[in-house]
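All remarks here apply to the structure that follows.
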Amino acid sequence: MLSAESAAIVRATLPIVGASLEAITTRFYDTMFSERPELLDGLFNRGNQANGEQRRALAGSIASFATMLLDHPDERPDALLARIAHKHTAVGVTDDQYVIVHKYLFGAIAEVLGDAVTAEVAAAWDEVYWLMAGALIALEARIYAEAGARNGDTWRQWRVMARQDETSNAVSFLLRPADDAPVPPACPGQYVSVRVRMPDGVHQLRQYTLSNGGEDRFRRITVKRVDGDPAGEVSTLLHTTVRPGDELTLSAPFGDVTLQDGDAPLVLVSAGIGCTPITAMLDHLAATGSRRRVLVLHADRSPAEHALREDMLRLATERVFWYESGAAAPDRDGLMDLDGIKIPAGAVAYLCGPVPFMRDMRARLLTAGVAASDIHYEVFGPDLWLGAN
């Protein structure tokens with residue numbers, strides 16, 4: 001891992017680098033996109049650039065990786081790296097792009113920190129970068145190979161076979177390959193990227209969790225329209241324009257938060273559109289005849305705004321739903337809590353929803369006796385929780 005000489009320098013400079021990461025990543029993205037605008041066409045999410053989430057996620061991952069190298073020098077932070085690698089493969093990141101990122105990232109470090117970046121400091125942080133990049137390149141090569149692809153080439157055409165309005169602002173698309181080639185397997189909880197051309201001619205990618213089990217050649221994605229937010233431009237376009245018979249460009253399935261086999265009881269916790277991976281897990285359990293005990297907990301604004309509600313009612317025999325308005329017995333009023341909920345002993349939990357919701361529910365599950373290692377979560381978009389739990 002990190003050499004002793006570099007470790008000492010990184011430890012000494014981590015406070016100043018960490019304090020400046022927001023400025024560094026801002027300068028990095030601004031300069032890179034100014035000189036390489038093609039990267040915004042079909043690779044980087046311009047919505048997450050506009051709202052700052054990608055910048056904050058990059059800063060957090062760099063700081064977390066460096067801290068883990070120092071605190072656990074003989075271990076590789078595989079959980080952090082795997083999450084990033086799956087996000088990268090979903091958008092088709094290639095090996096050569098790490099060289100491009102290195103150029104602009106280290107240029108931004110030098111500009112922001114100035115004279116503090118001596119040759120020794122630059123060399124130490126260069127070692128951190130390439131340790132992280134090298135590990136990610138290796139992980140991504142393995143993930144691509146498992147998907148039957150090489151270096152980002154995972155795209156194929158899928159035909160929309162049916163469109164189902166789930167709520168006033170959420171719709172499901174049932175998809176089938178436009179050709180007869182084999183379909184790479186999908187695990188319950190994984191997502192695919194959808195690549196579309198926007199009205200201004202720029203291609204954009206967004207990730208959507210498969211909302212069915214993926215046991216056959218059909219795949220389903222459930223899309224929530226997001227008005228007035230640049231990050232929601234693709235979802236809104238799909239929601240308003242895509243009809244049966246149209247074709248969409250999809251990646252292979254990716255994602256490291258997947259339902260694992262076993263006999264332990266399951267607690268599946270979601271809020272809002274976070275129900276999509278939970279529904280896929282329920283669909284898979286039903287299709288495979290699983291006899292595991294499954295407790296489903298879901299929170300939403302109202303029954304009318306609960307996407308995939310009918311699927312969850314059909315698939316989950318043990319369930320509790322919370323609604324901020326319009327609840328009727330046996331549903332509960334208000335925000336989700338665990339009052340009166342008996343969490344099965346030895347349970348494994350999966351969470352999906354807004355990060356504040358998941359933080360709260362993770363704490364409640366820990367208090368209820370669920371082991372920290374048995375609580376898994378999925379975040380839509382850049383993972384701002386990396387290294388924080």
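Everything quoted here is computed from the prediction, not taken from an experiment.
Between Arg293 and Glu318 there is a salt bridge, with a side-chain nitrogen of the basic residue lying less than 4.0 Å from a carboxylate oxygen of the acidic one. Between Glu166 and Arg309 there is no salt bridge, since no side-chain N of the basic residue sits under 4.0 Å from a carboxylate O of the acidic one. With respect to Arg319 and Asp331, no salt bridge is recorded, no charged nitrogen being found less than 4.0 Å from a carboxylate O.
If you check the side chains of His203 and Asp41, you find a donor sitting under 3.5 Å from an acceptor. Side-chain contact of Arg225 with Ser235: a donor-acceptor pair under 3.5 Å is absent, judged by distance alone. Between the side chains of Tyr191 and Glu378, no donor N or O sits under 3.5 Å from an acceptor N or O. A donor and an acceptor atom, one from each side chain of Arg55 and Thr26, are located under 3.5 Å apart.
A donor-acceptor pair is defined here as one N or O able to donate and one able to accept, closer than 3.5 Å; no such pair exists between the side chain of Thr209 and the backbone of Gly189. Under a 3.5 Å cut-off, the side chain of Ser6 and the backbone N or O of Ser3 do not form any donor-acceptor pair. Using modelled atom types, no side-chain atom of Glu127 and backbone atom of Ala124 make a donor-acceptor pair closer than 3.5 Å.
For the pair Arg195 and Trp155, the cation-pi test (distance below 6.0 Å, angle within 45°) is passed. Geometrically, Lys103 does not engage Tyr98 in a cation-pi contact, judged by NZ or CZ lying under 6.0 Å from the ring centre and within 45° of the ring axis. By the 6.0 Å and 45° rule, Arg83 stacks over the aromatic ring of Tyr377.
Below 30°, between 30° and 60°, or above 60°: for Tyr323 and His306 the angle between ring planes is between 30° and 60°, a tilted geometry.
The neighbour count for Asp261 CG, taken as heavy atoms of other residues, nucleotides or ligands under 6.0 Å away, does not exceed 12. Few gaps surround CZ on Arg314; more than 12 heavy atoms of other groups in view lie less than 6.0 Å from it. Heavy-atom neighbours of Asp263 CG from other residues, nucleotides or ligands within 6.0 Å: at or below the threshold of 12.
When all heavy atoms of Arg163 and His239 are compared, the closest pair comes out as NH2-O, 2.8 Å.
Outside the 6.0 Å centre-distance limit, the rings of Phe106 and Phe28 are not counted as a close aromatic pair.
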